[in-house]
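Numbered from 1 within each chain, the chains take letters A, B, ... in sequence-line order.
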Amino acid sequence: MTDSGLVVARWTPTSVTFTVAGVGLLLALSFLPTVASPATLDRMTTLFIYVILAATWNALAGYGGLVSIGQQAFFGLGAYVTIRLSNAGVNVYTAVVVAPLIVALFSLPLSLPMLRLKTSEFAVGMWVVAELIHLLVNLDPLIQGETGISLIALNAYTVDQRNALTFWIALAAVAAVLAILFVLLRSATGAGLQAIRDNEEAANSVGVRVVTVKRIVFVFAAAGAAIAGSLWLATAISFQPKTYFSAQWTSYMIFMVLVGGLGTFEGAIIGAVIFYAIEAAFGSMGVWYMIGLGAVALLFSLFLPSGLYGIFGARTGVQLLPVGYWLRDTKSEPAVGQGKAAEA
Amino acid sequence: MIWVEQIFQGILLGGYYALIACGLSFMFSVMGLVNLAHGSFAMLAAFGFWALAEYAGLPPTIGWTAVFPAMALLGVALQRLVLDRSARSGFLIPVLATFGLSICIDNLLFQQFGADTRSLAPFIGDLSYDSWELADGVFVGKLAVYIFLAAVGLLGGLQLFLSRTQLGRAIRATAIDRDTVGLLGIDANWINICATAIAMVTVSIAGAALGMRATFDPYAGTPQLIFAFEAAVIGGTGSLWGTLLGGLTLGIAQSVGAQISPQGFLIAGHATFLVVLVARTSLDRIADVWRIFSFVRTKAS
Amino acid sequence: MTLLSVRELEVRHGLLRAVRGVSFDVAQGETVAFVGANGAGKTTLLRAIAGAHLPQAGRISFAGEDVTSAPSYRRARAGIALVPEGRRLFGELSVTENLLLGLSAGNRGAWNLDAVLEALPQLQPIRHALARNLSGGQQQAVAIGRALMTNPKLLLLDEISLGLSPVAVDLVYAAIAKLIAAGTTIILVEQKLDRAMSVADRMICMLEGSVVLEGKTSQLTRDQITDAYFGLGQVGAHS
């Protein structure tokens, strides 16, 4: 390698800048509750939930090649387990944090049969799982069918306390999800994931343990959807199974990831921010808003399957966060390599 | 006796599931993709029948002459504009594209027709409630029997079409190897257009069946997709007689489940689906191990 | 009369120039054999003629029509039939069904199911078997029969003896001799030099995508062809 003057680099000046800026932004945000209004905190929490949903669904579909239409199963379960834990006397914010871990544990045995399914069978199979879990949760006398129940234990806190606590947990969750994903993608598992994304058969033949890698990502995505669900409950207070186990959540995730950039770390975050803005602007339009979301998802999948960030990356060759490998020519600076963003 | 009747009702219900699963299974076997807008198209057809009957006074017995060709044309557009294009961008994209399409269709139907539930029953006269008395106090609805017979006829007809006609053979060959059919003078794009158009006509039949035997609303497409998918997978995707069997299994499971508890209807259906799925994937693994084992044994001897 | 005319044909697989500026003509009723080492571009050339690969440059005309950018199904309808390398049968379909698919080209002529089963008698007893259950030789016979069912004006045969037992190769070549006697125009790609020379009127030798030797079979010696095959001697000195 040294003969040719090429070395493999993992950091570029741009990506160092953006990583440092990202970490700085997270630190700065943690002081937000001391200055911002409750409404702002609430909106930021919503945005964080969207980022978690987008990043984890992207990990599942974009990297793992596992399109699931049933992530609402884990979203709903995250909220339901929070209710159950709180009902059993666990502190309500502890419950919000612990519930996703329980859901992640539950998703592990579920992955055994599901990961053996082929693409489209997996997609709809997960949907059936979500429907079934929804029906079973409805049977719980505590939930009273579609009537639902509220997270009454939140009454122990003032509105300001609630907003701040939920915001901090959401911020910690979004940081944790992105950090885990970041580390995951830079590890051997991540190299395996990106190999699977590009060509599953080839990945298998060079020794990537495809099923293990997919299982990790499945459980990670389940935990992500679950914490999004438990956080949503913490902001919305009331739990109605129909709302939480709705396929609408998955359509949001698909929208965010398709628009941002399927299979790119940064794309999912950008997609979540765009979705948040679109929802704020057009969410009140009701049915036309949904028609628009569907149409945009359809058009992106047909004409821009690599999303906005995919195009941006291909045009500029810029990679904002160092999750890939770059070939750098040490004889003739600057870098000549193809980043993973460029080929996505 | 109540169980016998439930199972009998389940078989008749299964006929409807086979009907709705037929197009999904057909498209999966020909193009290897699951059209997630399948249920939404069934609702579109059902609303087409309803609108013709309500506004133009044309009952479904006449309305099909307009709905079937319209849906077939929509199939042509679907194949040309969405499926063909998305299939070229990899295996994830058709799933995402058809999901986006289903959201559009559902909400456009809602925009046009509102949230009210509709039914085609008022437009088919006595047929919606006529029944035969099989034994003392055991009645069977004529419509349910006709739907069941339609499912058997449609699946059987499709099977014959695929095995006996030149177009049917071309469809099967294209499903196996779309590059090689070109060398024999077959335009694979045209074949896929035909297959999608055929699937859309079967979807319309299923939409009419749902509309006559029950009620529907703009968002009823999602459960229909799930039922169709369950029937197709239980029966083994890609096999048309398997689809009939899958539909019957699902119908019986739901009927028996409903007898146990009110929520049991859906739960039993979903649970049966998952059990079959898990059982089949485990059997595949056992079969793999067995194959390796026998291979090693033959090599050793 | 010239049936097929290829001029300055260029076909690339990505960055690889598989066929580099190849030109030749094939007359009606002629049998032309392409020989050359693996990777010389013979298969790519045949596939480009059949429309399975689209060329980057050059011209292909068939029966007086420019077919350079026509899709494969149009060329099959015009009368070009390729028996592809590896046979490419539809495994889940029966022998008869595979054969009947050849009728999709819409060219009615001397070849129908009865005529094919008569010309390839080894297919008679297995005509209801699934194609994937056949031996290599049987599959090759089905592939040839399927191509004949399109009633081609030009038959392209790609490595038809590859992987077959000597007995099966004899059977396949017996069938080819019959086709030639019936006046069919044939281009064949063949690794086995003796087999090719036994049936071809003309030999064209390719090396690294280019034609390096061309001549009537009767006027070429085996040594000349072998030298060209490996890029030895003056003819193969470039590259």
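- No side-chain heavy atom of A:Asn138 sits less than 4.5 Å from a side-chain heavy atom of B:Gln263.
- Ranked by non-hydrogen atom pairs under 4.5 Å with chain B, the options A:Val67, A:Leu112, A:Leu66 are led by A:Val67.
- By number of non-hydrogen pairs under 4.5 angstrom with chain A, the leading residue of B:Leu81, B:Leu274, B:Leu108, B:Leu33 is B:Leu108.
- Of the listed residues (B:Ile105, B:Ile103, B:Asn107, B:Leu101), the one with the most heavy-atom contacts under 4.5 Å to chain A is B:Asn107.
- In this structure, CG in B:Leu109 is found 9.0 Å from CD1 in A:Ile291, a value given to the nearest 0.5 Å.
- Sparse packing is recorded around CH2 of B:Trp190, with 12 or fewer heavy atoms of other residues, nucleotides or ligands lying under 6.0 Å away.
- In terms of heavy atoms, B:Ile93 sits closest to A:Pro305 at CD1-CB, 3.8 Å.
- No side-chain heavy atom of A:Glu121 sits under 4.5 Å from any side-chain heavy atom of B:Val34.
- Between A:Ala297 and B:Gly100 the shortest heavy-atom distance is CB-CA, 4.4 Å.
- Scanning all heavy atoms of the two residues, the minimum distance from B:Phe229 to A:Gly125 falls at CE2-N, 3.8 Å.
- Interatomic distance, A:Leu132 CG to B:Thr272 OG1, rounded to the nearest 0.5 Å: 10.0 Å.
- Contacts with chain B were tallied for A:Ser251, A:Ala295, A:Gly292; A:Ser251 has the most, counting heavy-atom pairs under 4.5 Å.
- With chain B as the partner, the residue from A:Gly65, A:Gly62, A:Gly294, A:Gly286 showing the most heavy-atom pairs under 4.5 Å is A:Gly294.
- Considering only heavy-atom pairs separated by less than 4.5 Å from chain B, the leading option among A:Leu299, A:Leu298, A:Val287 is A:Val287.
- Interface remark: A:Leu135 contributes backbone and side-chain atoms alike to the contact with chain B (heavy atom separation under 4.5 Å).
- Annotation: side chain of A:Trp127 is in contact with side chain of B:Thr222 (closest heavy-atom distance under 4.5 Å).
- At least one side-chain heavy atom of A:Leu302 sits under 4.5 Å from a side-chain heavy atom of B:Arg85.
- Contacts between B:Leu277 and chain A at a heavy-atom distance below 4.5 Å involve the side chain alone, from C-beta outward.
- The shortest distance between side-chain heavy atoms of B:Ile267 and A:Leu139 falls below 4.5 Å.
- Looking at B:Tyr219, the atoms closer than 4.5 Å to chain A (heavy atoms on both sides) all sit in the side chain, from C-beta outward.
- From A:Leu117, atom CG reaches atom CZ of B:Arg280 across 10.0 Å, with rounding to the nearest 0.5 Å.
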